[in-house]
K.L.:
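Have a look at this one before I ask anything.
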Number of protein chains: 2
Amino acid sequence: MRHRSVTYSTARHSEATFQALADPTRRAVLDLLRRGAQPAGQIASAFPVSRPAISKHLRLLRRAHLVREHREGRHRVYQLNPEPLRAVDSWIEQYRQFWTASLNNLKSFVEAEYAREQEADSRKHK
Amino acid sequence: MRHRSVTYSTARHSEATFQALADPTRRAVLDLLRRGAQPAGQIASAFPVSRPAISKHLRLLRRAHLVREHREGRHRVYQLNPEPLRAVDSWIEQYRQFWTASLNNLKSFVEAEYAREQEADSRKHK
DNA sequence: AACTCCTGTAACGATATGGTTACGCATTAT
DNA sequence: ATAATGCGTAACCATATCGTTACAGGAGTT
């Protein structure tokens with residue numbers, strides 16, 4: 001029988017953002033845009049893939065709201081929008097406490113937790 | 001002519017980690033393990049997919065070093081290892097300044113940056 | 001008006017991803 | 001010894017992903 005874990009819903013948040021960050025080229029595009037807004041072609045020239053490939057990455061980043069685009073003459077200037085990264089940041093935040101604790105402490109804590117749960121479970125088995 | 005952007009190399013770091021986090025089920029598994037170590041079957045029972053599917057997710061998480069596994073009787077207990085998340089955190093860190101600044105300030109900053117670059121570039125065009 | 005520049009989209013192909021069922025192998029229970 | 005439990009892997013399938021080349025269309029240039 002399945003539980004449909006409660007934790008699932010929290011992980012569903014910011015799906016598009018995590019998805020967008022999965023690709024190294026897209027992360028590099030964001031890194032590039034930190035230095036300032038640029039037109040699409042100039043962005044593409046910084047990478048070893050074709051311009052249409054970058055165009056598709058930009059579309060994905062646009063749909064994840066990680067970049068904003070506006071026309072300027074015949075250029076399309078792309079600008080970083082870091083807002084969605086806040087969600088990623090707050091997800092990570094929940095893990096920060098784990099690496100501030102020493103690994104030894106973590107290990108014993110986790111093992112104790114499991115031992116406790118196992119004991120609570122032991123009634124269901126024989 | 002291609003530049004092979006310098007920023008690329010920084011984005012290549014922690015490739016496996018970003019990859020692992022791209023899937024909502026895997027993020028939910030990590031969220032679940034924050035509450036304590038658990039055997040594989042118990043993890044699987046929290047999700048609406050088959051046990052082998054979870055087994056494959058766990059393998060990927062193992063290879064990304066986001067979880068550790070050890071045998072305990074006939075169970076295989078999985079334990080969170082948040083260490084690789086530090087790399088993600090420090091990547092995000094570089095963006096934190098952008099959302100602490102007001103969006104208006106950011107906008108003008110970025111636009112000024114682009115204007116400056118465009119001017120520097122204008123000698124190459126006609 | 002004709003031409004060039006900049007960029008998005010379409011169509012296609014190779015590979016990756018995420019799911020399923022069937023199976024094998026240890027470990028514990030009977 | 002035999003059966004049952006727990007879990008990883010293999011084989012397979014559908015769809016997604018990321019790249020390419022060819023093409024189209026709007027904005028400046030001549």
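Numbered from 1 within each chain, the chains take letters A, B, ... in sequence-line order.
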K.L.:
Counting only N and O atoms by type, is there a donor-acceptor contact under 3.5 Å from the side chain of B:R26 to the main-chain atoms of B:A20?
P.N.:
yes

K.L.:
Taking all non-hydrogen atoms of both residues into account, name the closest pair between A:A16 and A:A64 and its distance.
P.N.:
O-CB, 4.0 Å

K.L.:
Do B:I54 and B:T25 touch side chain to side chain, with heavy atoms closer than 4.5 Å?
P.N.:
yes

K.L.:
When the nearest nucleotide of DNA chain D is assigned to A:A22 and to B:E69 on a heavy-atom basis, which residue is associated with the more 5' position?
P.N.:
B:E69

K.L.:
Strictly distance-based, threshold 3.5 Å: is any side-chain N or O of A:N81 a donor or acceptor partner for the main-chain N or O of A:R68?
P.N.:
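A pair under 3.5 Å: no.
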
K.L.:
Within a strict 4.5 Å, meaning less than it, do heavy atoms of the B:L21 and A:W91 side chains meet?
P.N.:
yes

K.L.:
Tell me: CG of A:L58 to C1' of D:dG19, nearest whole Å?
P.N.:
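Rounded to the whole Å, the gap is 15 Å.
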
K.L.:
Map B:R26 and B:G73 onto DNA chain C by nearest heavy atom, then report which one ends up closer to the 5' terminus.
P.N.:
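Nearest-nucleotide comparison on DNA chain C picks B:R26.
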
K.L.:
Check whether any side-chain nitrogen or oxygen of A:Q19 sits under 4.0 Å from OP1 or OP2 of D:dT17, and answer yes or no.
P.N.:
yes

K.L.:
Using the side-chain hydrogen bond (donor to acceptor under 3.5 Å, both in side chains) rule, pick out the option among B:Q38, B:R62, B:H70, B:Q42 that qualifies with B:Y78.
P.N.:
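Going through B:Q38, B:R62, B:H70, B:Q42 one by one, the side-chain hydrogen bond (donor to acceptor under 3.5 Å, both in side chains) with B:Y78 is satisfied by B:R62 alone.
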
K.L.:
Using atom CZ of A:R63 as one end and atom C1' of C:dT9 as the other, report the distance to the nearest whole Å.
P.N.:
11 Å

K.L.:
Assess whether one donor atom and one acceptor atom, taken from the side chain of B:R51 and the base of D:dG8, lie less than 3.5 Å apart.
P.N.:
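Result: at least one qualifying N/O pair found.
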
K.L.:
Could you pull out the protein-nucleic contacts involving nucleotides 2-4 of chain C (nitrogen or oxygen on both sides, under 3.5 Å)?
P.N.:
none

K.L.:
Which nucleotide wins on minimum distance to the side chain of A:A53, given the candidates D:dG19, C:dG18, C:dG19?
P.N.:
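For the A:A53 side chain, the nearest candidate turns out to be D:dG19.
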
K.L.:
Give the nucleotide from the list D:dC7, C:dT7, D:dC18 with an atom nearest to the side chain of A:A40.
P.N.:
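Nearest nucleotide to the side chain: C:dT7.
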
K.L.:
Would you say B:Y78 places a side-chain N or O within less than 4.0 Å of OP1 or OP2 belonging to D:dG8?
P.N.:
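Answer is yes, contact under 4.0 Å.
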
K.L.:
Indicate yes or no: does B:R86 engage B:D89 in a salt bridge with an N to O separation below 4.0 Å.
P.N.:
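B:D89 and B:R86: not salt-bridged.
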
K.L.:
From the list C:dT9, C:dT7, D:dG8, which nucleotide is the closest neighbour of the side chain of B:S55?
P.N.:
D:dG8

K.L.:
Specify the separation, in whole Å, of atom CD of A:E15 and atom C1' of C:dG18.
P.N.:
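In whole Å, C:dG18 C1' lies 13 Å from A:E15 CD.
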
K.L.:
Before accepting this row, confirm whether a basic side-chain N of the pair A:R27/B:E15 lies closer than 4.0 Å to the acidic partner's carboxylate O.
P.N.:
yes

K.L.:
What is the separation between atom CD on B:Q38 and atom C1' on D:dG6, rounded to the nearest whole Å?
P.N.:
15 Å

K.L.:
From the list C:dG8, C:dT7, D:dT20, which nucleotide is the closest neighbour of the side chain of A:K56?
P.N.:
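So the side chain of A:K56 is nearest to D:dT20.
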
K.L.:
Go through D:dC7, D:dT20, D:dT9 for me and flag the one nearest to the B:P39 side chain.
P.N.:
D:dC7

K.L.:
So, do A:L33 and A:I43 sit near enough that their side-chain heavy atoms are less than 4.5 Å apart?
P.N.:
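A:L33 vs A:I43: side chains touch.
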
K.L.:
Within the distance-only criterion (no hydrogens, no angle test), does the side chain of B:Y95 pair as donor or acceptor with the backbone N or O of A:D31 below 3.5 angstrom?
P.N.:
yes

K.L.:
Taking only the side-chain nitrogens and oxygens of A:H57, find out if one of them lies under 4.0 Å from OP1 or OP2 of D:dC18.
P.N.:
no

K.L.:
Atom CG of B:D23 to atom C1' of D:dT17: distance rounded to whole Å?
P.N.:
14 Å

K.L.:
For the helix from C:dA1-D:dT30 to C:dT30-D:dA1, what angle lies between the axis at the first five pairs and the axis at the last five pairs, to 10 degrees?
P.N.:
10°

K.L.:
NA contact type, B:R71, heavy-atom cut-off 4.0 Å: base, sugar-phosphate, or nothing?
P.N.:
nothing

K.L.:
For the pair made of CZ in B:R27 and P in C:dT17, what is the distance, rounded to whole Å?
P.N.:
15 Å

K.L.:
Less than 4.0 angstrom between a side-chain N/O of A:S50 and OP1 or OP2 of D:dT20, yes or no?
P.N.:
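The answer is yes; a side-chain N or O of A:S50 sits under 4.0 Å from OP1 or OP2.
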
K.L.:
When the distance from CZ of A:R76 to C1' of C:dG8 is rounded to whole Å, what number comes out?
P.N.:
6 Å

K.L.:
Looking at C:dG8, D:dT21, C:dT7, which one has an atom nearest to any side-chain atom of A:P52?
P.N.:
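Comparing C:dG8, D:dT21, C:dT7 against the side chain of A:P52, the answer is D:dT21.
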
K.L.:
Round to the nearest Å and state the distance from B:F47 atom CZ to C:dT20 atom P.
P.N.:
13 Å

K.L.:
Please tell me if the side chains of B:L30 and B:V67 come closer than 4.5 Å, counting only heavy atoms from C-beta onward.
P.N.:
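Heavy-atom side-chain distance check passes, below 4.5 Å.
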
